[in-house]
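Please read these numbers as outputs of a predicted model, since none were measured by experiment. Position 1 is the first residue of the sequence, and the numbers go up from there.
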Amino acid sequence: MFRFLYKYSCMSQEERGYDPTFVEATPADVDAMKAWKAEVMKDKTARLSDYQSQCFDRELAGSWPVYRVTIPKEDLISDISLTPGNKQDQERSAPSSSGEHICDDDLVLLVGKPNKNSSSPVGRGMQGYVAYDVRKRRLVYLKDSWRPDLEDAHPEHKTYIHLWQHNVENIAKPLSGGDVRIGNRIQRTLAQDCVREVTKVKHLGRVHYRIVFSEVYRPLETYGHSLDMVEVICDALYAHRDAWEKADVLHRDISDGNVMIRDTFDKNGRLQIGGILNDWDLAKFKSELENPPSRRQRSGTWQFMSAFILSFPGQKKHTVSDDLESFVHLTNWLVLKWHLHKFSATMGSLKEHVTNTYDAFAQNDDGLDLGGSQKHGFLSTGEIPFAPVRKSPPLEHLTKALAKTCHAHYEAHKEEWQRLSDNQGRENAKRADDSKPMGKPVIGRSVNPRYLQKSAGSTPVVHNLQQSQELSLTESFGPLDDHNALISIYSDVILTFAYLLEDGNEPDKLQEKEGQPRSKKPKRSPQEATGEGSSLQTIVEDHDELTVPAVGGFEQVLPVDEHTSSTLPQLAAEKDGTTIQ
């Protein structure tokens, strides 16, 4: 211990792990930031959203220092390199379609306290900053992390460039991306080599990496009304479909932290809401999905991974249906957390359901985490364990339609589930023989016109399900094997909301309660799950702590809406006396 402390005292700040590319800003820099905000808030169309303004104020609050971060010009991404059809990764000197050039100077940012960060001593060490662009006088988002040091890993900005070149909608725009360098040396971890000398086990190294985006988005859980939630998730579904069908890219980490809300203002200063599918650092190309996994455990966010992936690690290849099922789990999880349902009256039942469905896991003899049995039980039967959803008939319809879709999908893949289960049983038996040792509603806004153009010729959800079931008899094709069924379901619910909420409505999202925990905890083993603290805020994202609003007032019990059992066309007819296609 004394030797360690002595050697540590002899090290430089850089050798101790401090980042020399962060330099404390001057008082003049901070004053310029504050003056800019006061100026931009007077502009009706370019002003900051409430969330962006709060993030800005939070970063400058208290005694937290403001730092000046320099992104080298070699890492900047030109507009023309993001143009559909362009096959070059970087073209700094070429002009963009708007006549802009990539600046010959470095990108200089000012950042304060991070608005998102990991508290884990191991892992990616992700930190997110709402940053001020000194040259262009605007807010951007800086994501600082330690990516896996793998030859076949795609740096996130490379994936974004590929997606933009293939005209994928509803994704963030990257301004720069690259590994952090000190002089000519890239910052890499060394601990894995030291550990290997002692344990003789190979551990993954990491590389310090930064990516900057042109806009600041707000977390999905800050939505004001369930209409916002449904529309944002549907926008993310369109992004996911484009990435898969146009660019051959699969996201592989659908979660509450990776579906974001984009706020903009029209010329009248009216709020416009859209959805963004974010964080493509775990994405893979279609050609890579058949390759053996580069990591021992599965990639993704445990609570939203499919029942197939959780139940058969090492056997089930990640496919598009696994990502689409994650959208379903995300929707149900948000309904459980923020809306009234069967479990709302008893917090104990809610904790038990969430723990068993989303958090619980066990380890097999190979040390791999297993889960998903409760998810599979609900999905394979089409059951909604928390039904009915109260005070929001469109949400109840959505959860029912998603349940039917998942039921049809698992029926189509029943033989695959049985085959994987049999393989797993044989492996377990072999190991045993060898003795070898888991607020306010935002209704005063316009809905995206694409969701209001439901024409008479559009394909209804029921027809999609029937068509998928017919195909499954000959091709083992389920409704989650492409995007059509889910997009149709979400679009129908958005259209119904648009009819019901024309004249405004009461909020249907439970409000945040003061003084409650604001962080997620790791997924829980069956033994741990019996203890206290297993609730909707006990959800982790691959050991990265994510600051999210606390759980709402679930103990509040409101009467079931008299229209709960009505169908969507009936509700619309009751609203305006007409029927809709």
Side-chain angles (χ1 to χ4, degrees), residues 45 49 84 163-164 166-173 215 217-218 220 223-247 249 251 254 258-268 270-278 320 323-324 327-328 330-331 334 392 394-395 397-398 401-402 405 441-465 479-480 482-502 505 568-569 571-572 575-576 578-581:
T45 59
S49 68
L163 295 173
W164 273 82
H166 288 79
N167 202 28
V168 175
E169 63 174 320
N170 300 333
I171 60 173
K173 179 181 179 181
E215 293 183 71
Y217 307 115
R218 60 184 170 101
L220 174 59
Y223 68 88
H225 192 278
S226 52
L227 167 60
D228 304 338
M229 180 260 283
V230 176
E231 188 171 349
V232 167
I233 291 179
C234 197
D235 283 349
L237 269 167
Y238 274 104
H240 192 275
R241 185 187 67 176
D242 279 0
W244 179 247
E245 296 182 357
K246 295 179 180 179
V249 173
H251 188 279
I254 304 301
N258 295 341
V259 177
M260 310 288 288
I261 301 175
R262 181 174 187 257
D263 291 330
T264 56
F265 298 94
D266 61 20
K267 60 182 180 180
N268 298 317
R270 194 180 187 193
L271 179 65
Q272 308 279 324
I273 283 180
I276 295 290
L277 185 54
N278 216 26
V320 66
D323 272 17
L324 293 180
F327 279 104
V328 177
L330 173 60
T331 302
L334 290 169
S392 183
L395 270 190
H397 170 82
L398 174 63
L402 293 177
T405 303
V442 188
I443 304 303
R445 67 171 183 84
S446 58
V447 176
N448 189 323
R450 86 187 311 167
Y451 299 120
L452 302 180
Q453 297 173 354
K454 192 80 169 179
S455 63
S458 63
T459 306
V461 179
V462 175
H463 177 71
N464 275 349
L465 295 182
L480 297 184
D482 67 21
H483 296 74
N484 294 333
L486 286 196
I487 287 179
S488 181
I489 290 170
Y490 283 94
S491 298
D492 282 347
V493 173
I494 293 170
L495 180 62
T496 303
F497 266 127
Y499 272 85
L500 295 178
L501 302 180
E502 276 181 351
N505 202 349
L568 294 185
L571 287 168
K575 172 70 170 61
D576 60 6
T578 63
T579 57
I580 59 171
Q581 182 67 33

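- Ring geometry for Tyr238 versus Tyr451: interplanar angle of 30 to 60°, hence tilted.
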**Report entry** Verdict with reasoning, Val493 to Leu227, per side-chain contact (heavy atoms from CB on, under 4.5 Å)
**Finding:** CA-CA 8 Å; Val493 173; Leu227 167 60; over 6 Å; no
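- Tyr490 and Asp235 share no side-chain donor-acceptor pair at under 3.5 Å.
- Among Met260, Glu169, His251, the one residue that satisfies the side chain to side chain contact (heavy atoms under 4.5 Å, CB included) test with Leu277 is His251.
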Take Glu231 and Ile273 through the side-chain contact (heavy atoms from CB on, under 4.5 Å) test and state the conclusion after the steps. CA-CA 8 Å; Glu231 188 171 349; Ile273 283 180; 5.7 Å; no
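- Counting heavy atoms from C-beta on, the side chains of Asp492 and Ser488 come closer than 4.5 Å.
- Looking at heavy atoms from C-beta onward, Val232 lies out of side-chain contact with Tyr223 at the 4.5 angstrom threshold.
- Partner of Gln272 under the side chain to side chain donor-acceptor pair (under 3.5 Å) criterion, out of Thr264, Asn448, Asp263, Asp266: Asp266 alone.
- Looking only at side-chain heavy atoms (C-beta outward), Asp228 and Ile261 stay at 4.5 Å or farther from each other.
- Using a 4.5 Å cut-off on side-chain heavy atoms (C-beta onward), Leu220 and Leu330 make contact.
- Using a 4.5 Å cut-off on side-chain heavy atoms (C-beta onward), Leu237 and Leu324 make contact.
- Taking the side chain as every heavy atom from C-beta outward, Ile254 and His240 approach each other to under 4.5 Å.
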